[in-house]
Asker: 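This structure is in C-alpha cells; I'll ask about it shortly.
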2 protein chains.
Amino acid sequence: MRQRHCNRPGGWQGKLRGCGYRITIGREAILDVLTKYKDKHLSAEDIYLKVHSIYSDIGLTSVYRTLDMLISMGMVSKFDFGDGRARYEIAGEGQKEDHHHHLVCTICKRVINYNDFIDEELQLINKTEKSLSEKHKFEIRSHLVQFYGICDKCKKKK
Amino acid sequence: MRQRHCNRPGGWQGKLRGCGYRITIGREAILDVLTKYKDKHLSAEDIYLKVHSIYSDIGLTSVYRTLDMLISMGMVSKFDFGDGRARYEIAGEGQKEDHHHHLVCTICKRVINYNDFIDEELQLINKTEKSLSEKHKFEIRSHLVQFYGICDKCKKKK
DNA sequence: CGTTAAATGGAAATGATTTTCATTTAAAAA
DNA sequence: TTTTTAAATGAAAATCATTTCCATTTAACG
Ligand SMILES: [Mn+2]
Ligand SMILES: [Mn+2]
Ligand SMILES: [Zn+2]
Ligand SMILES: [Zn+2]
C-alpha cells in the first residue's frame with residue numbers, strides 16, 4: 001500500500017504552491033525518495049534510478065531541475081564530498097533533531113553524519129554568524145561544517 | 001629582478017625532495033603564483049594563465065597534476081564554492097596567522113576570508129575532532145567551515 | 001656526459017550537469 | 001466538464017572542468 005503525504009497546508013504541496021510551483025508526480029516521487037533515504041547522501045543519478053523504479057516516466061533532466069528548485073526553496077541541501085558528483089539530502093524542518101554535520105573519508109568517500117557537540121557548535125556558529133553579518137554586511141543563510149580524514153576500513157587496508 | 005625562493009632544507013624544495021618528487025620550473029612557478037595570490041581563490045585555469053604569462057611552456061594538464069600533488073602533501077587546499085570549478089589556496093604553515101574560514105556569496109560566488117573567533121572555533125573543532133576520532137575510529141586530517149549567504153553588493157541589486 | 005624513471009604538453013576522452021526544443025500537463029478560467 | 005495557457009517535461013545535444021593517453025623531454029644521480 002502506497003504511503004501518502006498529508007495535504008495539510010504547510011506540507012510540501014503547500015510549500016511548492018506558495019512559491020508558485022506546480023504539484024507533479026515526478027516532484028512527489030523525488031521528495032518521497034529523499035525522505036525515505038534522509039540519512040543517506042544520494043547523487044542525482046541515485047535519485048533518478050530509485051524514482052525510475054517506481055515511476056518510469058521520470059527523466060534525469062527533471063531530477064536535476066527539481067533538485068535545483070528544492071534547493072532554492074531551502075528544502076534540500078547539496079553537498080560536495082569530493083568524488084566528482086553532487087550529493088543531496090532533504091533539509092529537516094526542526095533544526096534540533098535533524099541538523100547534523102559530516103565526517104568524510106578522503107579515500108573511499110564514505111560519509112558519516114554526526115550530532116555530537118551540535119549544540120555547542122550551533123551556539124558558536126550563531127555567534128559567528130551574527131558578528132560576520134554585521135562586519136561584512138553579509139546576509140548569512142546557511143553553513144557547512146565537514147571533517148576530512150581516513151576511515152576505519154581504509155586505515156586497515158594500508 | 002626575479003625573486004628566488006630560499007634553499008634551506010624545509011623550504012618547498014626540501015619538501016618535494018623528501019616526498020620523492022623532482023624540482024621543476026613548472027612546479028616552482030605554480031608555487032610562486034599560489035604564494036603571491038595567497039589570499040585569493042584561484043581556479044586551475046587562473047593559475048595556468050598567470051604561470052603561462054611568465055613561463056609559456058606550462059600546460060594546463062601539468063597545473064592540475066601539480067595541484068593534486070601539492071594537495072596530497074598538504075601544501076595546498078582545494079575548495080568548492082559552488083561555481084562549477086575548484087579553487088586552490090596555499091596552505092600556510094603556521095596555523096595561527098594564516099588559518100581562516102570562508103564566507104561565500106551564493107549569488108556572485110565572491111569569497112571572503114575571515115579570522116574572527118578563529119581561536120574559539122579551533123578550540124571547539126579540536127574537541128570535536130578528538131571525540132569523533134575515538135567514536136568512529138576515524139583519523140581526522142582537516143576540516144572545512146563555510147558560511148553561505150548574500151553579499152552586500154548582491155543585496156543592493158535586488 | 002649517459003642512463004633512467006619521472007615529468008610534461010597536447011590531443012582526445014570522460015562524465016556530470018546544462019541547454020534546447022518540441023510535446024505534455026497542471027491548474028485556472030470559462 | 002471543457003478550454004486555455006504557461007509551466008513542466010524528456011530526449012538529445014551541448015557544455016566544460018577535469019582526466020587519460022602517449023610520445024617526447026628532462027631532472028637527478030653516478
Ligand atoms: Mn548528512
Ligand atoms: Mn581563503
Ligand atoms: Zn574510507
Ligand atoms: Zn554576491
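In what follows, every chain begins at residue 1, and chains take the letters A, B, ... in the order their sequences are listed.
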Asker: Among B:His100, B:His101, B:His102, whose ring-ring contact (aromatic ring centres under 6.0 Å, His included) with B:Phe79 holds?
Answerer: B:His102
Asker: Can you figure out which of C:dA7, C:dT20, C:dT17 approaches the side chain of A:Arg65 most closely?
Answerer: C:dT20
Asker: Between B:His52 and B:Tyr48, what is the ring plane arrangement, given parallel below 30°, perpendicular above 60°, and tilted in between?
Answerer: tilted
Asker: Does the side chain of A:Tyr64 get closer than 4.0 angstrom to OP1 or OP2 of C:dT17 through an N or O atom?
Answerer: yes
Asker: side-chain contact (heavy atoms from CB on, under 4.5 Å) between B:Gln123 and B:Asp119: does it pass, once the steps are laid out?
Answerer: CA-CA 6 Å; B:Gln123 198 177 317; B:Asp119 286 341; 5.7 Å; no
Asker: Please identify the 5'-most and 3'-most nucleotides of DNA chain D with any atom under 4.0 angstrom from a heavy atom of chain B.
Answerer: D:dA17 to D:dA28
Asker: Does B:Thr24 reach a base, just sugar-phosphate, or nothing at all? Heavy atoms under 4.0 Å.
Answerer: sugar-phosphate
Asker: Check every strand shown and say whether A:Arg85 touches a base, only sugar-phosphate, or nothing at a heavy-atom separation below 4.0 Å.
Answerer: sugar-phosphate
Asker: Find the distance B:Arg17:CZ to C:dA7:P and express it as a whole number of Å.
Answerer: 13 Å
Asker: Both B:Asp68 and A:Ser62 contact DNA chain D. Which one's nearest nucleotide lies toward the 5' end?
Answerer: A:Ser62
Asker: Side chain of B:Arg27 only, please: which of C:dT8, C:dT25, C:dT17 is the nearest?
Answerer: C:dT8
Asker: Between A:Gly20 and B:Arg87, just flag the one whose closest nucleotide in DNA chain D comes earlier from the 5' side.
Answerer: A:Gly20
Asker: Under 30°, 30 to 60°, or over 60°: which ring-plane class applies to B:His99 and B:His143, parallel, tilted or perpendicular?
Answerer: tilted
Asker: Are the side chain of B:Thr106 and the backbone of B:Gly149 linked by a donor-acceptor contact shorter than 3.5 Å?
Answerer: yes
Asker: Provide, to the nearest angstrom, the distance between the CG atom belonging to A:Asp46 and the P atom belonging to C:dG15.
Answerer: 16 Å
Asker: Nearest whole angstrom, please: distance from the P of C:dA16 to the CG of A:Leu60.
Answerer: 10 Å
Asker: Nearest-Å distance, CG (B:Asp80) to C1' (C:dA16)?
Answerer: 13 Å
Asker: Please report, rounded to the nearest Å, how far the P atom of C:dA7 is from the OH atom of B:Tyr55.
Answerer: 14 Å
Asker: Of B:Lys109, B:Arg87, B:Glu89, which meets side-chain hydrogen bond (donor to acceptor under 3.5 Å, both in side chains) against B:His41?
Answerer: B:Glu89
Asker: Write down the distance between OH (B:Tyr48) and P (C:dG9), rounded to a whole number of angstrom.
Answerer: 9 Å
Asker: CD1 of B:Ile23 versus C1' of C:dT8: gap in Å, rounded?
Answerer: 16 Å
Asker: Return the minimal non-hydrogen interatomic distance between A:Glu121 and B:Thr128, and the atom names on each side.
Answerer: OE2-CG2, 3.6 Å
